[in-house]
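The structure appears below as structure tokens.
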Amino acid sequence: MSLLLDIAEPGQSLRPHEVRPKDRKRVVGIDLGTTFSLVAAVDVAGKPACIPDDGGRVALPSVVCYPPDGGVLVGEAAVVVGQKFPTDTIASVKRTMGRSLADVSASEHRTGFGLEAGDGGMVRIVTSHHRVSPVEVSATILKSLAGRAEEALGGALHGAVITVPAYFDDAQRQATKDAGRLAGLEVLRLVNEPTAAALAYGLDQRREGLFAIYDLGGGTFDISILRLTQGVFQVMATGGDSALGGDDFDHRLSEFFLKEMGAVDVTPELLQNCKRTARQVKEMLSREEVWEVSMDRPQGEKFTRRVTRGQFEALIADLVQATGAPCRRALKDAGIRAHELQGVVLVGGSTRVPMVRQFVKDIFGCEPLSDLDPDQVVALGAALQAEQLAGNARGDMLLLDVTPLSLGIETMGELVEKIIACNSPIPTARSQDFTTFKDGQTAMAIHVVQGERELVGDCRSLARFELRGIPPLTAGAARIRVTFQVDADGLLTVSAQEQTTGVNQSVAVKPSYGLGDAEIERLLREAMVHGEADWRRRLLNEARVEAERVLGAAGAALREDGDLLDAGELKRIKGVMLALWEASQKEDYEAINRARETLDQETVFFAERRMDRSVRKVMTGRRVDEF
Ligand code: ADP
Ligand code: MG
């Protein structure tokens with residue numbers, strides 16, 4: 001046994017465990033796909049590799065079969081046995097994760113198994129003999145992959161990164177996380193599939209750039225535009241077609257076979273056989289120009305036919321072209337043009353089809369990145385991220401997530417002061433100082449809000465708490481530091497501290513909970529639509545708050561030191577105060593500000609006289625030897 005050489009057969013992955021220092025944590029990346037799922041880990045040299053099953057295959061069909069006589073089968077075994085029990089075999093369970101029955105029924109995709117509404121309208125799967133939730137089915141797939149990894153890595157897993165489509169909302173992500181937990185996995189992080197693919201290519205090393213991730217899998221097409229800034233990926237736009245993928249290529253080819261065969265009565269067996277053959281031929285034609293088909297006909301004699309790549313391309317051309325519109329739309333949504341992209345990444349088994357590659361090249365005008373196996377890249381990137389999160393990898397901690405909406409607090413006039421801007425990479429912490437508004441104010445209400453709008457009423461309220469025990473000082477003298485902290489999972493903690501006394505209060509809030517992507521999108525869109533009007537309202541409210549403060553201060557000064565003014569001066573100051581009050585009742589913020597400036601100017605001499613008096617008061621109140 002040689003310790004120096006690690007020999008692997010071509011096409012077969014290295015086992016990443018061979019030499020494992022004791023302090024290295026066993027972590028994996030899992031691509032939980034619609035049609036295939038994979039698990040990968042990083043080896044001691046820092047290279048990620050997919051972990052194969054006993055038969056040397058890395059891709060596990062995302063299929064689970066519950067035979068009527070009990071037990072559960074996953075992957076290849078489920079596919080084979082499933083042919084006998086189609087209503088007990090669950091494929092494409094990912095399409096039902098975190099979805100209600102209404103969501104799934106509304107989608108174009110037809111499942112082969114029964115569905116019903118469970119708790120809160122969420123989908124439950126009905127087989128011929130039992131009911132099961134999509135989370136449980138996914139957990140079965142995850143458990144199978146985890147078992148494979150534990151065997152390869154030689155022990156229990158410390159944790160896993162699981163990938164999800166970029167467009168997955170809160171409920172779908174939560175369901176995926178639950179599936180991980182149900183499978184006994186510690187879910188270190190959910191990472192977007194396009195981000196994982198970009199990581200696999202090391203695009204994060206470039207620090208800056210715009211990238212397109214073109215993912216054509218078995219049943220879905222996804223296009224994502226990512227922006228990388230200072231090593232952080234931000235999803236700028238997503239699009240695609242949830243009912244377009246390699247399965248449709250198979251379908252076109254098998255229809256072609258049936259026609260060529262002149263089959264009149266198409267039995268389910270013949271159909272199955274045609275589909276299986278079609279997939280093989282399709283995959284062969286990615287490498288070969290011509291392929292010989294040979295199939296058993298129901299009547300007995302064999303059906304043989306030579307199929308050229310050109311013939312196959314003619315059958316699927318319109319399907320490939322249908323991926324163009326979502327690509328153009330995503331570029332438009334991201335506000336960029338194709339030539340601004342620094343790279344295009346190919347993901348998904350169907351991007352092996354040469355015609356698809358050529359199409360991607362044409363539409364984006366550059367040679368796509370394809371050195372890595374397109375059906376493995378997502379798992380490989382997830383493994384790299386898991387390694388980082390476990391602290392095994394050297395180098396900077398990768399920041400992959402951003403806050404979807406701005407976080408801030410309410411200030412006077414029902415305005416929002418943003419503390420953490422939307423799209424800030426997390427974890428992050430930011431502080432801002434605030435002051436008291438009234439003389440002797442000893443408490444301050446802190447209202448935490450989320451959203452892009454200028455007014456509190458248009459944002460989402462997250463939490464309220466009160467900071468008490470502020471020393472009674474004149475308005476504007478106390479200094480209250482409010483700190484917002486968002487951890488890596490998006491959880492927000494807000495604390496407030498009065499700086500001179502150190503009085504502290506804090507509260508933990510969960511900003512993203514229950515706020516689905518749809519709501520986030522709505523809030524963002526509203527902010528864009530209302531931007532101008534919001535800004536005007538904000539200026540108006542600010543002007544009013546300031547007017548109120550100045551009027552309050554002037555009134556207090558008159559009460560205290562009014563005797564410093566003669567009747568004429570008093571009348572003039574009261575006149576400008578009234579003018580400011582009247583202006584503040586109207587909607588014109590500029591007029592309010594003008595009136596306030598007038599009051600400021602008209603009271604300068606009064607302020608000076610008050611200053612003289614207070615200085616004299618201080619001096620006369622003390623003995624000379626105190627100075
Ligand atoms: P998903 O992400 O949807 O789970 P994959 O990315 O693994 O799935 O893609 C699966 C699809 O890729 C299947 O339709 C499969 O037939 C197709 N595929 C795999 N290898 C090839 C190949 N060599 N040529 C063409 N299509 C392929
Ligand atoms: Mg995939």
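Order of appearance sets the numbers: ligands from 1, and atoms from 1 within every ligand.
- Among all protein heavy atoms, the one lying closest to atom 7 (O) of ligand 1 is F36 CD1, 3.4 Å.
- Atoms of ligand 1 found under 4.0 Å from any heavy atom of G33 (numbered from 1 in listed order, with element): 4 (O).
- For atom 1 (P) of ligand 1, the closest heavy atom belonging to the protein is T35 OG1, 3.0 Å.
- Of the protein's non-hydrogen atoms, the one nearest atom 23 (N) of ligand 1 is R352 CD, 3.0 Å.
- Side-chain N or O atoms of T195 include none that pairs as donor or acceptor with a backbone N or O of V191 at under 3.5 Å.
- Where the criterion is an N or O separation shorter than 3.5 Å, residue side chain and backbone included, T220 fails it with respect to ligand 1.
- Considering both main-chain and side-chain atoms, D215 never comes within under 3.5 Å of ligand 1 through any nitrogen or oxygen pair.
- Remark: distances from the non-hydrogen atoms of S350 to ligand 1 include one below 4.0 Å.
- A salt bridge is defined here as a Lys NZ or Arg NE, NH1 or NH2 lying under 4.0 Å from an Asp or Glu carboxylate O, and D250 with K275 fails to meet this definition.
- When the options E193, Q280, K282 are ranked by their closest heavy atom to atom 16 (O) of ligand 1, first place goes to K282.
- Of the polar atoms of D375, none of the N or O atoms is found under 3.5 Å from an N or O of ligand 1, judged by distance alone.
- A distance of 6.0 Å or more separates the ring centres of F85 and Y66.
- Put simply, the side chain of D373 gets close to the backbone of D375: a donor and an acceptor are under 3.5 Å apart.
- When only modelled atom types and interatomic distance are considered, T277 and Q280 share no side-chain donor-acceptor pair under 3.5 Å.
- Below 4.0 Å from some heavy atom of G246 lie the following atoms of ligand 1, by number and element: 14 (O).
- Here the heavy atom of the protein found nearest to atom 13 (C) of ligand 1 is R279 NH2, 3.4 Å.
- When each atom of ligand 1 is checked for a heavy atom of G348 under 4.0 Å away, the hits are 6 (O).
- Side chain of E255 to main chain of R252: no donor-acceptor pair is present (N/O by atom type, distance under 3.5 Å, no hydrogens or angles).
- Atom CD of E260 sits about 4.5 Å away from atom CZ of R305, to the nearest 0.5 Å.
- Considering backbone and side-chain N/O of G218, one or more are found under 3.5 Å from N/O of ligand 1.
- There is no side-chain donor-acceptor pair under 3.5 Å between T87 and S128.
- Taking atom 15 (C) of ligand 1 as the reference point, the nearest protein heavy-atom neighbour is E283 OE2, 3.3 Å.
- In terms of polar-atom proximity, S286 is counted as a contact of ligand 1, with an N or O under 3.5 Å from an N or O of the ligand.
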### Task
Report the C-alpha separation of E193 and V347 in whole Å, then their side-chain angles, then the decisive distance to 0.1 Å, and conclude whether the side chain to side chain contact (heavy atoms under 4.5 Å, CB included) test is met.
CA-CA 9 Å; E193 286 161 12; V347 182; over 6 Å; no
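- Polar contact check, V353 against ligand 1: no nitrogen or oxygen pair lies under 3.5 Å apart.
- Looking at G217 next to ligand 1, no N or O pair under 3.5 Å apart turns up.
- The pair R309-E288 does not count as a salt bridge, with every side-chain nitrogen at least 4.0 angstrom from each carboxylate oxygen.
- Closest to atom 9 (O) of ligand 1, if we only count protein heavy atoms, is G349 N, 3.2 Å.
- Classification of D53 and R57 as a salt-bridged pair holds, one side-chain N sitting under 4.0 Å from a carboxylate O.
- In R287, neither the side chain nor the backbone holds a heavy atom less than 4.0 Å from any atom of ligand 1.
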### Message
Before you tell me yes or no, could you show the steps for F211 and Y201 under side chain to side chain contact (heavy atoms under 4.5 Å, CB included), namely the whole-Å CA-CA distance, both residues' side-chain angles and the distance that decides it to 0.1 Å?
### Response
CA-CA 11 Å; F211 304 99; Y201 275 101; over 6 Å; no
